[in-house]
Amino acid sequence: MAKILIKNGTVITMDPRRRIIKDGAVAIENDRIVDVGRTDALKNFQAEKVFDATDRIVMPGLIDAHCHHVQMLARGIGDDVDLIAWCYERIYPYEVLLDDESTYLSALLCCLEMIRTGTTCVCDPGGYRMDNVGRALVETGMRGIITWAGMDQWSDDRPLPDGLPGKLGTAETLKVEEKLVKDWNGREGGRIRACYGLRVEPNVSDALYRGINDLAKRDGVMVEMHAAVNVDQVEWVRKRTGQTVIEHMNSLGILGPHWYLIHMAVLTDKEVRMLKDNDCKVIHVPGATLHGAYGSAKVGKFPELIDMGVTVALGCDSSAANNSLDMFRAMYEAATVHKEARLVADLIVPEKALEMATIDGARAVHWDHEIGSLEKGKKADIIIVEARRSNWIPMHDFSIVPNLVYSGEGADVETSIIDGKVVMENRKILTANVDRTLSRAQEAASTIVSRLPYRIKPRWPVE
Ligand SMILES: [Zn+2]
């Protein structure tokens with residue numbers, strides 16, 4: 001740990017006034033930001049390491065509010081199928097084949113891709129063998145939250161393959177989740193957290209909803225869950241309970257600020273109100289809805305949720321469901337798909353998309369007192385983005401954030417600092433061996449694909 005000064009940059013603070021400081025500087029001591037201001041005002045700060053951010057943007061690291069580390073080796077096997085086939089035919093059989101080593105490699109590759117593209121905090125909705133994901137977070141220096149994707153029921157139309165580690169009874173699920181939270185919440189000086197998780201409605205009994213809710217409230221942590229992802233899932237719930245998804249959860253008396261609900265493409269106006277009244281957090285994953293045709297843009301109510309003041313964060317999902325983990329692309333999608341769907345050109349402005357990827361994301365994961373903006377006293381999660389590139393010039397005062405959201409890309413990120421530690425400098429990741437990880441990940445994925453119970457043929461001849 002050291003004293004670091006980043007100077008001469010355009011600092012997008014994301015502070016309550018949303019100040020942008022031209023010729024700005026950020027001073028870091030150990031894991032915290034100790035000052036933010038104009039470069040000349042910070043000239044007496046005695047730094048051991050100085051970054052000259054001339055022609056660069058200095059901003060809070062991006063928060064990917066939804067990313068499955070364990071699906072990184074599944075890139076390509078979830079393409080061009082609907083959600084139900086994606087889950088039950090393609091991805092669950094893949095997850096059966098993951099062992100400790102491949103789970104770790106999947107997570108490591110995922111962390112490298114997030115660091116490369118400017119993500120400094122990730123919220124993982126869970127898979128299994130999550131200790132291996134935790135290990136990748138520890139080693140790479142990523143900030144993150146992990147969980148177990150709880151499931152305790154299955155049916156002929158929503159079957160779970162044998163060997164899927166999440167295929168457990170209610171009591172066993174509660175037990176493994178409790179252990180994960182106990183083992184991981186608060187690790188690495190608080191950089192890594194753990195919370196409770198439920199996978200998706202058809203695989204969750206009312207007893208599990210209630211049991212998980214009780215544990216989460218007791219431990220003061222969130223519950224992550226994929227909910228109301230598409231019309232099929234909502235219809236499944238309606239047929240069995242006579243209610244839509246959020247209505248049903250509301251009738252169980254469990255909704256509250258700790259519920260962290262992902263996708264949420266299919267909602268009624270009444271449910272939007274319930275989410276607001278209970279301060280539930282909603283995670284928008286525009287890349288996944290575009291890739292898997294969930295309906296978030298066509299039938300979703302994201303503009304209404306945002307207008308009403310519900311906390312809406314932004315995620316990338318996984319390399320099997322998007323397949324990009326570039327949060328710059330996610331911001332672009334959030335700022336564009338809804339205006340196209342509604343034919344309103346300023347429906348979600350780029351500044352809102354940037355909030356969703358930073359301070360709103362921090363609020364969603366209950367971490368906004370420490371991350372999501374560059375302010376004195378907050379954790380030093382900072383990225384430096386190169387802006388003297390052909391996709392950024394020309395830039396004017398009015399187009400700093402629009403350029404970032406509409407023209408920027410993850411590859412523009414040059415340096416990344418997490419918890420005060422430099423994890424990438426001049427595009428070189430310092431916390432892992434990238435080349436070796438790429439080779440090992442390809443090898444592990446090829447082995448898994450050769451063992452899958454299905455085959456995917458290339459559409460074009462590959463010679
Ligand atoms: Zn997901």
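Both ligands and their constituent atoms are indexed starting at 1 by order of listing. The shown structure was predicted, so the numbers you read here are calculated from the model rather than taken from an experiment.
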**Complete:** Note: NE2(H226)-the Zn ion (ligand 1)-NE2(H66) angle, rounded to 10 degrees, equals 100°
**Request:** Among the N/O/S atoms of H68, select the one at the shortest distance from the Zn ion (ligand 1) and name it.
**Result:** NE2
**Message:** Between H66 and H263, is the ring pair (Phe, Tyr, Trp, His ring centres under 6.0 Å) condition met? List the steps.
**Reply:** CA-CA 9 Å; H66 182 62; H263 296 305; 5.4 Å; yes
**Fill in**
Looking at D317, the N/O/S atom that lies nearest to the Zn ion (ligand 1) is called OD1
**Request:** Mind checking side-chain hydrogen bond (donor to acceptor under 3.5 Å, both in side chains) for E304 and listing every partner two or more places apart, or none if nothing turns up?
**Result:** R342
**Complete:** Sorted by chain and number, sequence neighbours left out, salt bridge (charged side-chain N to carboxylate O under 4.0 Å, His left out) with D64 holds for none
**Test item: S319 side-chain N/O and Q71 main-chain N/O as donor-acceptor pair under 3.5 Å** = yes
**Request:** Look at H263 and state whether any of its N, O or S atoms is less than 2.8 Å from the Zn ion (ligand 1).
**Result:** no
